Number of protein chains: 2
Amino acid sequence: MSKSSELTGGPTPEPTFATTREVRDTCLCLFVQRTARALARRFDAALRPLDLTNGQFSLLMSLNRPQPPALGEVAELLAMDRTTLTANLKPLERRGLVAVERGRDDRRRRHLRLTAAGHALLGEAVPIWRREHAALEDLLSGGEAARLRAELVALS
Amino acid sequence: MSKSSELTGGPTPEPTFATTREVRDTCLCLFVQRTARALARRFDAALRPLDLTNGQFSLLMSLNRPQPPALGEVAELLAMDRTTLTANLKPLERRGLVAVERGRDDRRRRHLRLTAAGHALLGEAVPIWRREHAALEDLLSGGEAARLRAELVALS
DNA sequence: GTGCATTATATTGATATCAACGTATTTGCA
DNA sequence: TGCAAATACGTTGATATCAATATAATGCAC
């Protein structure tokens, strides 16, 4: 059936150019990474006047809630490694946008609280996000955005 | 109409929790970054026996073609900054998987060539990619993968 | 063929990402 | 109670990402 033995488990053959085209044209991981880079650049550029990256914006936004969440909860919400979140917090702490405080009940936990400055900066970022996101949705036809979100969540 | 003045351009109000929910539930950039992290972890784990990351796999694969492409072409194909690609090449060059050679016609160009070792390693990676990617497509219903790819490209 | 804009790439500095490993605290069980 | 497993988090080292800036080669106008 197949001219290739790539599936037989024998001595691995070297991939043909046809295999490369197949991977390049179908690999969902590659497609998502590519779009992730493009969107990151786009939102980074839009938020540059506030000296915020897209990731910092999403992180600050996830902290804007009645009760300061623990680090682990936020990491899970962002589908991010805990240690990555620890690293990402450092520049925000330095700038006084986020404060970290030990849990009173459970002293292992570290709760992340948005400071007044962080809250205010987030307020400036929201209109930028609205503008940029509206432009983004214009690239998709009606209803596609919702479907895209559902598909992305299915892969997460 | 709107109880919020976030769109009026006046003194920026601080974002409400409702705004946070809106961003969290709709931001395509956030959704894509989240899925990008999850898929990267997944393919990184699958390729770990070969000591390859998902990005290194995609990069090696993009070099598997008749004529060695120039750095800039590859960067555009991967929607990646040129300087990022320069950095990503270093570990692959160290391991002897990729060779960089100056263009003969245009000596500014640097052509990226897969070595025999790189080609062989890529051969070992293909079955792993096939297995992992098949598992991934199972998470989506029929035809969704193609639609997802098209939507991701529209945003790139 | 000179000179200048353009093109292709490298370097530096900052943040982002995760695995491997280590520490402190809590929980549950004997 | 005492102690081991589980939980929450940090640190280190490696790669990934991009903006800003610099260098070198090409090409074009004149």
Side-chain angles (χ1 to χ4, degrees), chain A residues 29-30 32-49 51-60 69-76 78-95 97 100-112, chain B residues 29-30 32-49 51-60 69-76 78-95 97 100-112:
Chain A
C29 185
L30 173 56
V32 171
Q33 304 299 325
R34 209 156 31 185
T35 304
R37 283 189 286 259
L39 290 186
R41 277 193 296 268
R42 184 171 181 148
F43 279 81
D44 285 355
L47 292 167
R48 190 155 312 136
D51 196 22
L52 280 181
T53 67
N54 77 93
Q56 291 172 336
F57 171 74
S58 294
L59 173 50
L60 290 181
L71 188 147
E73 303 172 49
V74 178
E76 186 170 11
L78 300 176
M80 179 185 291
D81 193 280
R82 284 185 191 87
T83 69
T84 302
L85 182 51
T86 298
N88 293 0
L89 283 172
K90 297 206 169 165
L92 300 178
E93 275 190 88
R94 266 205 306 276
R95 291 171 64 184
L97 304 174
V100 182
E101 19 193 78
R102 282 208 172 277
R104 280 186 297 277
D105 297 355
D106 187 339
R107 298 182 55 76
R108 290 172 303 180
R109 292 176 182 263
R110 286 186 170 273
H111 295 273
L112 312 180
Chain B
C29 185
L30 173 56
V32 171
Q33 304 298 327
R34 209 159 28 187
T35 304
R37 284 189 286 260
L39 290 186
R41 277 194 296 267
R42 183 171 180 148
F43 278 82
D44 285 355
L47 292 167
R48 190 155 312 138
D51 196 21
L52 280 180
T53 67
N54 77 94
Q56 292 173 334
F57 171 74
S58 295
L59 173 49
L60 290 180
L71 187 146
E73 304 172 48
V74 178
E76 187 170 10
L78 300 176
M80 180 184 290
D81 194 280
R82 285 185 188 85
T83 68
T84 302
L85 182 49
T86 298
N88 292 0
L89 282 171
K90 297 205 168 162
L92 300 177
E93 275 190 87
R94 267 205 308 274
R95 291 170 64 182
L97 304 175
V100 182
E101 19 193 78
R102 282 210 171 275
R104 278 185 297 278
D105 298 354
D106 187 338
R107 298 184 56 74
R108 289 172 303 181
R109 291 175 183 265
R110 285 187 170 273
H111 295 274
L112 312 180

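What you see is a predicted model, and the numbers here were worked out from it, not measured in a lab. Basis for what follows: all heavy atoms, side chains included, without hydrogens, waters or symmetry-related copies. Each chain gets a letter, A, B and so on, in the order the sequences are listed, and its residues count up from 1.
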Checklist entry - Closest approach of Leu30(B) and Leu78(A), non-hydrogen atoms and distance? => result CD1-CD2, 4.0 Å
Checklist entry - What pair of heavy atoms forms the shortest contact from Val74(B) to Pro69(B), and how long is it? => result CG2-CG, 3.5 Å
Next on the checklist: Both Lys90(B) and Arg104(A) contact DNA chain C. Taking the nearest nucleotide for each, which residue is further toward the 5' end?
Outcome noted: Lys90(B)
Of the nucleotides [options], which has the atom closest to the [X] side chain?
X         : options                   : result
Arg48(B)  : dA19(C), dA10(C), dA16(D) : dA19(C)
Arg109(B) : dG10(D), dT9(C), dA16(C)  : dT9(C)
Asp81(B)  : dA25(D), dA10(C), dA19(D) : dA19(D)
Asn88(A)  : dA8(C), dT11(C), dT17(C)  : dT17(C)
Arg110(B) : dT9(C), dT25(C), dT26(D)  : dT9(C)
Ala70(B)  : dA16(D), dT9(C), dT15(C)  : dT9(C)
Arg107(B) : dA25(D), dT17(C), dT9(C)  : dA25(D)
Thr84(A)  : dA16(C), dC9(D), dT9(C)   : dA16(C)

Just to confirm, is there a sub-4.0 Å distance from OP1 or OP2 of [N] to any side-chain nitrogen or oxygen of [X]?
X         : N       : answer
Thr53(B)  : dT15(D) : no
Arg108(B) : dT7(C)  : no
Thr83(A)  : dC18(C) : no

Next on the checklist: Walk me through whether Leu39(B) and Asn54(B) qualify under side-chain contact (heavy atoms from CB on, under 4.5 Å).
Outcome noted: CA-CA 9 Å; Leu39(B) 290 186; Asn54(B) 77 94; over 6 Å; no
Taking [atom1] from [X] and [atom2] from [N], how many angstroms apart are they, rounded to a whole number?
X         : N       : atom1 : atom2 : value
Met80(A)  : dA16(C) : CE    : P     : 8 Å
Leu30(A)  : dA16(D) : CG    : C1'   : 15 Å
Phe43(A)  : dA19(D) : CZ    : P     : 15 Å
Gln33(B)  : dT15(C) : CD    : C1'   : 13 Å
Asn54(B)  : dA16(D) : CG    : P     : 9 Å
Asp106(A) : dG28(C) : CG    : P     : 12 Å
Arg82(A)  : dA6(D)  : CZ    : P     : 15 Å
Arg41(A)  : dT17(D) : CZ    : P     : 10 Å

Under 4.0 Å, heavy atoms only, any strand: does [X] hit a base, just the sugar-phosphate, or nothing?
X         : value
Asp105(B) : sugar-phosphate
Gly55(B)  : nothing
Arg94(B)  : sugar-phosphate

Item to check | First encountered from the 5' end of DNA chain D, between Thr86(A) and Leu89(B) | outcome: Thr86(A)
Next on the checklist: Reading DNA chain D from 5' onward, which residue's closest nucleotide shows up sooner: Ala45(A) or Gln56(B)?
Outcome noted: Gln56(B)
Next on the checklist: Using side-chain contact (heavy atoms from CB on, under 4.5 Å), reason through Leu92(B) and Asn88(B) one step at a time and then give a plain yes or no.
Outcome noted: CA-CA 7 Å; Leu92(B) 300 177; Asn88(B) 292 0; 5.9 Å; no
Checklist outcome for this item: The residue among Arg34(A), Arg37(A), Gln33(A) that forms side chain to side chain contact (heavy atoms under 4.5 Å, CB included) with Met80(B) is Arg37(A)
Item to check | Asp51(A) and Arg95(A): CA distance, side-chain angles, deciding distance, side-chain contact (heavy atoms from CB on, under 4.5 Å) verdict | outcome: CA-CA 11 Å; Asp51(A) 196 22; Arg95(A) 291 171 64 184; 3.8 Å; yes
